[in-house]
Every structure is written in C-alpha cells, then in structure tokens.
Number of protein chains: 2
Amino acid sequence: MEPDPERKGEAVRGGRVGIRDVARRAGVAISSVSRVLNGNPNVTPALRQRVLEAVEALGYQVNLVGSDLRRGTTRTVGVVIDDIANPLFAEIMLGAEATLSAAGYLVTLMSSHGTARGDAAALRHFRGRRVDGLLLALSDDTGADWHAALAAGDGGCPVVLLDREAPLPCHSVLSDHAQGMDAALTELVGAGHRRIGLMLGPLCTRPGRARLRAFEAGLRARGLNPDARFVTLHTPATAADAERTMAGVLRRPAADRPSAMIVGGGQLLTGALRALHAAGCRLPEEMSLLVCDDTPLAELHRPGLTALRRDVIGIGRAGAELLLEAMKAPGAEPRSATIPIEIVRRASVGPPAA
Amino acid sequence: MEPDPERKGEAVRGGRVGIRDVARRAGVAISSVSRVLNGNPNVTPALRQRVLEAVEALGYQVNLVGSDLRRGTTRTVGVVIDDIANPLFAEIMLGAEATLSAAGYLVTLMSSHGTARGDAAALRHFRGRRVDGLLLALSDDTGADWHAALAAGDGGCPVVLLDREAPLPCHSVLSDHAQGMDAALTELVGAGHRRIGLMLGPLCTRPGRARLRAFEAGLRARGLNPDARFVTLHTPATAADAERTMAGVLRRPAADRPSAMIVGGGQLLTGALRALHAAGCRLPEEMSLLVCDDTPLAELHRPGLTALRRDVIGIGRAGAELLLEAMKAPGAEPRSATIPIEIVRRASVGPPAA
DNA sequence: TTGTAGGCGTTATCAA
DNA sequence: TTGATAACGCCTACAA
C-alpha cells in the first residue's frame with residue numbers, strides 16, 4: 001500500500017478536517033481562510049461568504065495547537081490550586097476569572113493534590129503549553145525546584161503567587177495572617193482564656209507558617225506560653241485527620257486541655273466539628289472555638305462560629321490584576337497586594353469553663 | 001536593521017532556548033536531543049550525558065505545543081464544570097483525577113460560570129487544544145450547538161457526560177434522581193406532610209429536570225398535587241436567590257405555606273438556612289427540611305439535616321473509567337453508569353406542625 | 001484583495 | 001546509533 005499523495009499525513013492528522021480542506025472546498029488559498037477566521041478586514045464579502053460556507057459544510061474547527069505554536073501566545077492563563085476542596089477556592093476563582101476574562105483571557109485550572117509533585121506536573125503542563133500567565137497557590141512553596149523555575153525569569157511567563165512566598169521578590173497576593181491571628185488571640189484572651197490550642201494545615205505553604213508564627217508570637221506578647229501538646233499540624237489538612245486530633249483533645253480531662261481552640265482553614269473545621277458533636281461538647285460552655293476562615297458552615301452552625309474573614313473574591317481579583325500588569329510589562333518591579341483580615345464575632349467564643 | 005541570519009525567528013521565538021540551542025551546545029542533531037528527552041533506548045550513554053548537560057546548562061524546557069502538534073495527542077483530558085462552587089465538585093474531581101492520572105493523563109479544568117456561552121468557550125478551548133478526552137458537566141445541556149459538536153463524532157474526542165443528557169446516545173454517568181426524590185417523598189409523606197415545597201436550580205441541566213419530574217410524578221402517585229406557588233427554580237442557583245425565596249415562603253401564615261421543603265443542591269441550602277435562621281424558624285417543629293445533596297453543612301448543622309446522598313467520588317471515578325475505555329476504543333457503543341441515591345435520616349424531618 | 005511560501009518546535013521516518 | 005529532513009496546522013510577511 002503506497003501512501004496516496006492526495007492524503008499524505010492523513011494517518012497523523014487523524015482524518016480531521018483541516019484548514020487545507022476548507023481552502024480547497026472554497027477554492028481559495030489557505031491564508032484567505034485564516035484571514036476570514038481571524039476577522040482580518042481586508043477580505044471581500046464574496047470570499048468571506050465562500051469560506052464561511054465551506055467551514056460550515058465541513059464542520060471545520062480551528063486547531064488551536066497550530067495557532068498557539070505559530071503565534072507563540074495562547075490568551076490563556078493557568079491557575080494551580082493546592083486544594084480544590086477548600087471552600088475558599090471557588091471564590092478566589094470567581095474573582096480571578098471575572099477580571100481575566102474581561103481582559104480576554106481564558107482561565108484554566110489544575111489541582112496539585114497537596115503534593116510538590118503535583119505542583120511540578122501542573123507547572124510543566126502550563127509552562128510547556130505556553131500559557132501567558134500563571135496564578136499559583138502551590139501545595140508546597142518550600143521546594144528549590146520551582147524557585148529555580150521562577151528565577152529563570154526570562155523564558156518563563158509572568159507569575160503571581162497567591163498566599164505563597166519565594167526566596168526572591170515576586171508578584172504576590174498576601175493575606176495578613178499576622179493581623180488575623182492577633183485579632184483572634186485578643187478575642188480569646190480577652191474572654192479569659194489562657195490555654196489556647198491551635199490546629200493548622202501543613203507548614204509547607206505560607207498560611208500555615210504565618211499563622212503559627214503569629215500564634216506563638218502573640219501568646220508570648222501576652223505573657224502566655226504556647227503548649228506544644230495543643231498545637232497540631234495536619235498534612236494534608238483532611239477532615240478525618242482533624243477529627244482524630246480533636247477527639248484526642250477531648251479525651252483529656254477538662255482541666256488538662258485547652259479551654260479554647262483555633263482551627264485553621266480548609267477541611268479542618270469539618271473534622272473538628274465532627275469530633276465536638278460526637279463528644280457532645282457544648283460550645284462555648286465547655287470549649288470556645290474560633291475558625292481561621294469564614295464559610296457557610298461557620299456562619300450557619302448553631303451556635304454560630306466566631307471566624308476570621310477576608311475578602312476572598314478580592315484575593316482572586318487582586319491576583320488577576322497583578323497578573324494583567326505583569327503580562328503587559330513583563331520586566332516590571334514585583335508588586336504585592338495585602339489582604340486584610342477581620343474577625344466576625346458569633347457565639348462560639350465565651351469565657352472559659354473553669 | 002537587517003535581521004541577523006544567525007537569529008532568525010528570534011522575535012517570534014521570544015528569545016526562549018529551544019531544542020536547537022540544546023543540540024548546538026551538545027554538538028548533536030536535534031533528533032538526538034528529542035530521543036534523549038523522550039527516553040528512546042537507542043541512545044549512547046555518552047550522547048545522553050552530553051545532551052542532559054546541555055539541557056541543564058541552558059535551562060531548557062520542552063515546548064509541549066510543538067510536541068502536541070506533531071504527535072496529534074496531548075495525554076490530557078479536559079473537565080468542564082458548570083459551577084465550581086458546588087460542594088460536590090471537589091469530590092467528583094478527586095475520583096476522576098485519581099483514575100485518570102493513574103492511567104497517565106493530566107486533568108485540566110475549566111468553569112463555564114453557569115452559562116451556555118461559558119460551555120462553548122470551554123469546549124472550543126479544549127477541543128481546539130486537542131485534549132484526548134472530555135468530562136462534561138455543562139451549564140446547559142439543552143443547546144443545539146454543542147449537540148451538533150457531539151454528533152460530529154469523528155474529529156471530536158471522546159466525551160463522557162456527568163449528569164447531563166443529549167438527544168443522541170452518549171457515554172454518561174447519571175445519578176438516579178428519580179429514585180432519590182421518591183425516597184424523599186416517601187420520607188416526608190410518611191411523616192404526615194401534605195404540603196411539600198421544592199427549591200431547585202435551573203432546568204437547563206439534568207438534575208433540575210429529573211428532580212422536578214420525579215417530584216411531580218411522585219406527589220401525584222401519592223394522591224397529592226404539587227402546589228405551583230411552592231415550586232421554585234433558581235437560575236443560577238445562588239445562595240442569595242434561595243434566601244429570598246425561602247424568606248418569601250416564611251412570610252406566609254403557617255397554614256398557607258409548605259409544612260416541608262425539599263431544597264436542591266448547589267448553593268441553595270446556604271441561602272435557605274440563612275432565611276430560616278433569620279426568621280427564627282425551628283426545624284423540624286415549624287418546618288421540615290430535606291436537602292438533595294449531603295454536605296458537611298447538612299451533616300453538621302444542628303439539627304442535622306436529612307439529606308439525599310450518593311457516592312460522589314464514584315461519579316468521578318465512573319466518568320473517568322468510561323472515558324478511558326472510550327479513548328481506547330473510540331468507536332464503541334455509548335455506555336452509561338447509574339449512581340444510586342440513598343436517604344440519610346437526621347433530625348430535620350418531623351411531623352407537620354398543624 | 002488574494003496567493004505564495006516560510007517557519008513556529010517537535011517527532012518520526014529514512015538513510016547513513 | 002546518529003543525522004538530515006519532512007511533516008503537524010497555522011499565521012503573516014511579502015509578492016502579485
């Protein structure tokens with residue numbers, strides 16, 4: 001079987017209709033088809049008409065891979081998220097997408113499953129596919145590998161970090177966790193608590209580190225000592241993990257456990273509440289509870305949960321805006337936006353039992 | 001300024017290091033670099049060594065766009081989700097990603113913002129970029145445009161619909177909403193309810209349609225008539241919208257409003273609970289509540305919310321498995337998996353007040 | 001206004 | 001085992 005010269009490349013093409021087929025059918029040059037499809041004004045209505053008919057008749061759809069390759073740009077930005085189950089994530093995306101799509105960019109997303117490997121795979125995919133920009137909430141911002149990729153600078157696309165940090169200056173949107181944690185401690189200590197516990201996610205991203213640091217510093221500044229037994233890290237921050245931790249805390253005699261707990265974001269609250277309910281622990285009579293992120297669960301739980309809140313949509317929006325600027329002026333000085341955190345008082349904080 | 005022949009194409013290339021640069025530096029042919037990078041066994045260790053050194057030294061990263069174009073395949077599947085804020089979405093992704101990444105596929109995601117335009121944009125992106133398969137939970141499965149794209153069949157990649165339906169046979173994962181709604185009605189009617197209200201999302205996707213149909217049929221089968229005043233559709237299904245609806249219901253005199261409400265998935269529960277709390281309405285004494293999807297909020301709310309539950313991770317897994325088969329045998333007969341729904345009894349359903 | 005042709009970065013075929 | 005080369009599908013000077 002000799003390859004039919006009329007159909008060369010057909011095996012690789014997969015039998016799809018290509019721009020050539022359209023051109024042939026319309027009896028015009030390939031470049032004319034391209035012009036019509038890209039809205040180039042220098043086209044006779046008659047020619048446009050014929051091309052459009054051929055496109056319709058053949059059901060042609062552009063192959064954007066060819067287009068991307070030729071143009072060297074994709075009008076697409078990639079978002080890497082560590083934990084797609086985080087209740088805040090949807091709102092961050094909302095803010096980012098609104099801004100970016102208004103500017104003509106498509107937004108695509110990959111989850112990195114809480115692992116540095118996932119980060120690397122997503123980065124390889126997006127950079128390799130030549131997205132025009134990247135919004136990164138990586139699973140692990142402590143690795144040296146992606147720092148190198150950032151440092152490469154030239155050749156890489158503009159990047160904005162979402163509550164992550166790198167050893168070199170970098171565009172980023174940073175929540176003011178120090179301020180938030182301080183407000184939390186003020187609230188709890190003000191209510192009379194001295195034994196305060198803390199449940200956090202992993203330390204390999206900024207929120208964990210910032211919250212822990214602020215917690216320890218804040219306690220010391222108030223003349224208290226963090227009790228290492230009641231500060232727990234959860235990697236990854238699953239509900240099941242948090243439930244075990246909280247159950248363990250609740251098994252201790254009341255006098256020997258924290259009178260108040262601060263629970264970090266992500267899925268931790270779900271697990272903590274499961275354990276609390278299972279133990280029949282009343283809030284705030286038997287224990288006070290303060291959550292690091294405000295969610296419908298925190299709001300609608302009875303009693304309502306005192307929580308830290310930030311403008312989550314604003315995080316996405318700020319990230320998108322920084323990215324748009326960076327894509328416009330790739331060389332510009334790294335800038336970062338800071339998102340304030342406020343406390344929302346509800347009913348889960350009260351005076352300690354003892 | 002004449003273009004320097006040594007640097008031709010540099011403007012378009014954007015000054016990135018390419019495979020040519022690596023080849024030149026290593027003193028080998030381009031094809032040899034490609035072989036090394038793709039793990040082709042027919043390569044001398046010495047040559048491999050030199051190439052790897054050059055790659056390292058230049059910080060070279062493959063341009064997957066070129067690779068995609070040449071190969072005609074991407075080892076990537078696209079997922080289109082109507083509502084990224086839906087609490088179930090993360091678990092669907094979890095199930096799908098586990099299965100697909102084990103099979104060597106990367107999973108990328110786009111949200112379609114609850115609009116048919118969003119669906120179209122996402123589809124154009126993914127198909128145009130030649131993903132190998134598509135998992136679709138579109139915002140609107142009633143449009144003729146994407147049906148045409150599906151029918152095109154040849155030329156398009158394999159597709160699995162997630163709780164969506166098309167006029168032609170198609171791979172799909174379908175939740176058994178009829179069964180779920182029937183269980184819900186059995187529960188409520190069994191508790192003595194006769195006036196049952198329903199809050200749903202839009203009818204432009206299957207869950208809305210299937211639930212509504214089953215609701216009406218189920219009531220009639222039990223000798224009851226659905227009261228049109230208490231069946232509300234929400235497009236899109238936002239919390240604010242649901243809150244308004246529920247507040248409206250609660251403003252009516254108790255004798256003239258439903259004694260039980262069934263609340264659909266998505267964000268509707270959040271809004272409904274806000275209104276219920278604001279009105280100080282006690283569950284189930286003053287009204288019974290049953291939710292169409294089980295979430296942490298339903299579980300941890302006090303009183304616990306009776307809910308319909310399905311194996312959400314299983315939806316993603318089933319979708320991924322169907323897609324893997326379809327990608328292996330593109331011509332195969334469309335198959336569909338059905339996901340059962342069960343009821344989880346908690347405390348929000350009781351006898352009617354009157 | 002339209003056509004011709006070159007090249008984007010890669011892989012695969014073929015010859016050496 | 002290695003190298004030269006021809007596509008993949010598209011866009012864009014440039015020429016006509």
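Per chain, numbering begins at 1; letters A, B, ... match sequence-line order. The model shown is predicted, which means the values in this text are computed figures rather than measured ones.
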Original post:
Does a side-chain N-to-carboxylate-O contact under 4.0 Å join B/Glu325 and B/Arg335?
Top reply: yes

Original post:
Between B/Asp68 (CG) and C/dT11 (P), how many Å, whole number?
Top reply: 10 Å

Original post:
What's the CG-C1' distance between B/Leu37 and C/dA12, to the nearest Å?
Top reply: 15 Å

Subject >> Nearest-Å distance for atom pair CZ/C1', residues B/Arg75 and C/dT11 >> reply: 16 Å

Original post:
Is there a side-chain polar atom (N or O) of A/Arg35 under 4.0 Å from OP1 or OP2 of C/dT2?
Top reply: no

**OP:** Scan B/Ser31 against the nucleic acid and name what it touches under 4.0 Å (heavy atoms): base, sugar-phosphate only, or nothing.
**Re:** base

Original post:
Once you round it to whole Å, what is the distance between P of C/dT2 and CZ of A/Arg48?
Top reply: 10 Å

Original post:
Can B/Asp68 and B/Arg129 be counted as an ion pair, charged N to O under 4.0 angstrom?
Top reply: no

**OP:** Take atom CG of B/Leu69 and atom P of C/dG7, then tell me their distance rounded to the nearest Å.
**Re:** 17 Å

Original post:
Nearest to the side chain of B/Val62, which nucleotide is it out of C/dT10, D/dT2, D/dC11?
Top reply: C/dT10

**OP:** Select one nucleotide: of C/dT10, D/dT12, C/dG3, the one nearest the side-chain heavy atoms of A/Arg70.
**Re:** D/dT12

**OP:** Ignoring backbone atoms, establish whether B/Ser67 has a side-chain N or O less than 4.0 Å from OP1 or OP2 of C/dT11.
**Re:** yes

Original post:
Is B/Val65 touching bases, backbone alone, or none of the nucleic acid, heavy atoms closer than 4.0 Å?
Top reply: nothing

Original post:
According to a strict under-4.0 Å criterion, is A/Tyr60 in side-chain N/O contact with OP1 or OP2 of D/dC10?
Top reply: yes

Subject >> Short side-chain N/O contact from A/Asn63 to OP1 or OP2 of D/dC10, under 4.0 Å >> reply: no

Subject >> Separation of atom CZ in A/Arg129 from atom C1' in C/dC8, rounded to whole Å >> reply: 16 Å

Original post:
To the side chain of A/Ser32, which of C/dG9, D/dG3, C/dG3 is closest?
Top reply: C/dG3

Subject >> Closest-nucleotide ordering on DNA chain C, the 5'-leading residue of A/Thr44 and A/Ile30 >> reply: A/Thr44

Original post:
For A/Asn42 and D/dA13, what is the distance between atoms CG and C1' respectively, to the nearest whole Å?
Top reply: 14 Å

**OP:** Indicate, with a heavy-atom threshold strictly under 4.0 Å, whether A/Leu64 touches base, sugar-phosphate, or nothing.
**Re:** nothing

Original post:
Is there a side-chain contact between B/Thr108 and B/Thr76, using heavy atoms and a 4.5 Å cut-off?
Top reply: yes

Subject >> Rounded distance (Å) that lies between atom P of C/dT1 and atom CD of A/Gln49 >> reply: 17 Å

Subject >> Distance test, side-chain N/O of A/Asn38 to OP1/OP2 of D/dC11, below 4.0 Å >> reply: yes

Subject >> Atom pair CG/CZ of A/Asn63 and B/Arg127 - distance to nearest 0.5 Å >> reply: 13.0 Å

Subject >> Proximity to the side chain of A/Arg71 - top-ranked nucleotide from C/dT4, D/dC11, C/dT10 >> reply: D/dC11

Original post:
Looking just at side-chain N and O atoms, do B/Asp141 and B/Thr205 make a donor-acceptor pair shorter than 3.5 Å?
Top reply: no

**OP:** Ignoring hydrogens and angles, state whether a donor on the side chain of B/Asn38 or B/Ser34 is under 3.5 Å from an acceptor on the partner side chain.
**Re:** yes

